[in-house]
Amino acid sequence: MIDLEKLLIIRISSRFKELREQKYRKISPDLIANGQKAAILRIEQGKNVDSRNFISDTLLNSYSEYFNLQKNELIFGREDEFEKDTKLIFYEMFLSIVLKNFTEHNYFLVNNGQLELTVEKAYINLAYSFADFGRWHALRRDKALEDEHSWEKEMIDYISIYKILWKLCKRKIMRSLEEKVIYDIFNETDGKFHFNRINEKFNKWLRSEFADRIVQEMIEKLEVNSIFKIGFMAKSLIDKFLTHNLPESHLENIPLEEFYLPEKSYYIKPNEFNDESISLFSEEMARLEKLTSKKNLTIEDFKELSNHKFHQEIQGVTDNSSSFINETRIISADLFLNYVMSTPDIFDNIHELDRKEQKIPGILTVNSHASNLLQLKISEVIEPMVNDLVRYQNIFINCIKWEELEDFAK
């Protein structure tokens with residue numbers, strides 16, 4: 001929860017004191033509001049009351065009339081002053097995310113250094129537009145937590161990330177605060193101003209407007225930008241394809257069902273053929289065709305075809321045939337995986353998904369060891385890709401002129 005009232009008390013106290021203690025004279029409290037001297041002095045000292053209603057509606061009216069100032073300016077300051085305070089709030093919010101569990105930090109506005117979960121998630125999702133933040137938050141943050149001396153070394157440039165995010169969101173945030181919070185504060189149903197309701201309204205705005213609308217609108221815009229979409233690409237790779245915490249397995253071997261049809265292949269040296277060889281070769285080919293001409297060959301047919309030898313007595317013919325294989329054998333999971341990963345690039349153009357040659361029974365359930373090992377191998381490929389995306393995006397972000405960010409985001 002954000003304690004905006006705490007910040008406003010400091011600002012109002014200073015503002016009211018400056019208004020009363022002008023350059024050439026000090027205005028008496030009774031001139032501003034007769035009979036309210038004690039309340040005015042308490043406010044100037046920054047002391048709240050048990051009800052948390054730091055300044056009453058009546059006293060606020062008196063200040064507004066005496067100094068001819070709008071009530072919202074008396075409470076929130078000029079537009080530029082309130083913008084600076086809002087920027088400070090969102091910086092501390094981001095700080096509470098980045099430094100969470102790292103250091104003992106005395107947060108002034110974020111109660112106990114903990115944002116509401118929906119607000120925290122929304123802010124993190126927005127920060128994922130930076131690949132460097134996504135890599136750090138998902139992969140490096142926990143490692144840095146394990147070693148208190150190395151977390152600064154692992155720390156990203158979170159200050160610049162925050163400043164860019166603020167410039168991207170500033171206009172939407174300030175416009176929305178004016179319409180949804182400040183207007184509501186000074187237009188209560190009872191017609192009165194209630195200082196002690198500011199926190200409630202502001203934190204409700206954080207949930208309903210900032211988290212649910214502003215962040216979502218900004219993410220939609222950033223996701224289609226060629227620079228910021230890189231952050232979301234990195235996040236997707238990390239979430240969906242990069243896995244390190246797979247179930248531990250001590251299995252080294254997996255069963256592999258193999259089914260290869262017999263292939264008859266012969267190398268012929270024509271210069272070694274004679275008339276007798278040609279005649280025998282023709283007879284053998286007719287015999288081979290007879291064995292393979294059946295419409296529906298059975299396993300027994302394949303075995304017979306595999307065992308049957310052709311052209312053995314013919315000079316000039318070398319048998320390069322492969323045998324029929326229909327068996328399950330136990331193989332090394334690592335060796336099989338290395339075989340898969342070393343498949344030539346030409347196989348990219350083979351789109352068949354119903355091949356029968358190799359099957360691992362239970363690969364989705366009891367024999368998931370092979371697929372888990374594949375996931376680890378994929379992770380070894382994905383992590384360098386994430387690092388590349390971080391590098392590319394950081395280079396391009398450094399090419400952005402920051403004064404153009406607000407116009408881009410509007």
Side-chain angles (χ1 to χ4, degrees), residues 139 233-234 236-268 281 284-312 314 317-389:
L139 302 179
M233 290 167 60
S236 180
L237 286 174
I238 292 169
D239 284 352
K240 297 179 180 180
F241 304 103
L242 194 58
T243 305
H244 294 295
N245 57 343
L246 291 169
E248 186 178 359
S249 174
H250 300 287
L251 295 175
E252 296 181 356
N253 300 319
I254 57 172
L256 180 67
E257 292 180 358
E258 295 182 298
F259 184 84
Y260 291 94
L261 295 175
E263 292 185 2
K264 293 301 181 181
S265 176
Y266 302 94
Y267 178 67
I268 302 172
F281 185 79
E284 288 288 85
M285 291 303 296
R287 193 157 61 90
L288 177 60
E289 184 177 356
K290 183 178 180 181
L291 280 173
T292 58
S293 61
K294 293 173 62 175
K295 287 186 177 180
N296 296 308
L297 294 174
T298 64
I299 296 297
E300 295 303 319
D301 293 328
F302 290 133
K303 288 180 179 179
E304 182 181 354
L305 183 61
S306 178
N307 295 330
H308 208 93
K309 305 298 181 184
F310 297 89
H311 313 303
Q312 282 186 313
I314 302 176
V317 178
T318 303
D319 190 350
N320 292 329
S321 300
S322 59
S323 300
F324 175 53
I325 299 176
N326 182 25
E327 63 182 14
T328 299
R329 60 190 180 99
I330 303 301
I331 62 168
S332 164
D334 283 326
L335 288 178
F336 177 75
L337 198 57
N338 290 335
Y339 155 74
V340 172
M341 300 300 290
S342 62
T343 304
D345 292 343
I346 192 173
F347 279 80
D348 290 345
N349 297 319
I350 298 178
H351 306 295
E352 297 174 74
L353 299 177
D354 191 30
R355 298 179 70 88
K356 305 294 191 296
E357 289 89 345
Q358 294 180 325
K359 303 290 182 183
I360 299 176
I363 192 172
L364 300 177
T365 53
V366 293
N367 283 322
S368 60
H369 180 58
S371 58
N372 286 347
L373 285 176
L374 177 60
Q375 176 63 69
L376 291 176
K377 288 288 186 181
I378 291 174
S379 295
E380 293 175 6
V381 175
I382 295 298
E383 194 157 352
M385 291 175 61
V386 171
N387 295 337
D388 287 341
L389 289 174

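Keep in mind it's a predicted model, so treat the numbers as computed, not measured.
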A.B. asks: Among residues at least two apart in sequence or on other chains, which ones pass side chain to side chain contact (heavy atoms under 4.5 Å, CB included) with Glu263?
C.D. replies: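 In terms of side chain to side chain contact (heavy atoms under 4.5 Å, CB included), with neighbours along the sequence ignored, Glu263 is linked to Ser322.
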A.B. asks: Show the nearest heavy-atom pair for residues Thr328 and Pro255, with the distance to one decimal.
C.D. replies: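 Answer, listing the atom of Thr328 first, then Pro255: CG2-CB, 4.1 Å.
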A.B. asks: Could you grab the distance from atom CD of Glu383 to atom CE of Met385, nearest 0.5 Å is fine?
C.D. replies: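 Interatomic distance, Glu383 CD to Met385 CE, rounded to 0.5 Å: 12.0 Å.
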A.B. asks: Under the side-chain contact (heavy atoms from CB on, under 4.5 Å) test against Ile382, which residue among Asn387, Ile238, Leu237 passes?
C.D. replies: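 Among the candidates, only Leu237 passes.
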A.B. asks: Please identify each residue that fulfils ring pair (Phe, Tyr, Trp, His ring centres under 6.0 Å) with Phe241, with sequence neighbours left out.
C.D. replies: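 Ring pair (Phe, Tyr, Trp, His ring centres under 6.0 Å) list for Phe241, sorted by chain: empty.
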A.B. asks: If the condition is side chain to side chain contact (heavy atoms under 4.5 Å, CB included), which residues does Ser332 pass it with, not counting sequence neighbours?
C.D. replies: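 Asn253, Asp334, Leu335.
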A.B. asks: Who passes side chain to side chain contact (heavy atoms under 4.5 Å, CB included) against Tyr260, sequence neighbours left out?
C.D. replies: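 Applying side chain to side chain contact (heavy atoms under 4.5 Å, CB included) to Tyr260 gives Glu258, Ile325, Glu357, Gln358.
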A.B. asks: Determine, step by step, whether Glu257 and Ile360 satisfy the side chain to side chain contact (heavy atoms under 4.5 Å, CB included) criterion, reporting the C-alpha distance in whole Å, the side-chain angles of both residues, the deciding distance to 0.1 Å, and the verdict.
C.D. replies: CA-CA 6 Å; Glu257 292 180 358; Ile360 299 176; over 6 Å; no
A.B. asks: side-chain hydrogen bond (donor to acceptor under 3.5 Å, both in side chains) with Asn326: which residues, sequence neighbours excluded?
C.D. replies: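 In terms of side-chain hydrogen bond (donor to acceptor under 3.5 Å, both in side chains), with neighbours along the sequence ignored, Asn326 is linked to no residue.
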A.B. asks: Excluding sequence neighbours, so at least two apart, what forms side chain to side chain contact (heavy atoms under 4.5 Å, CB included) with Asp239?
C.D. replies: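 Only Lys235 meet the side chain to side chain contact (heavy atoms under 4.5 Å, CB included) criterion with Asp239.
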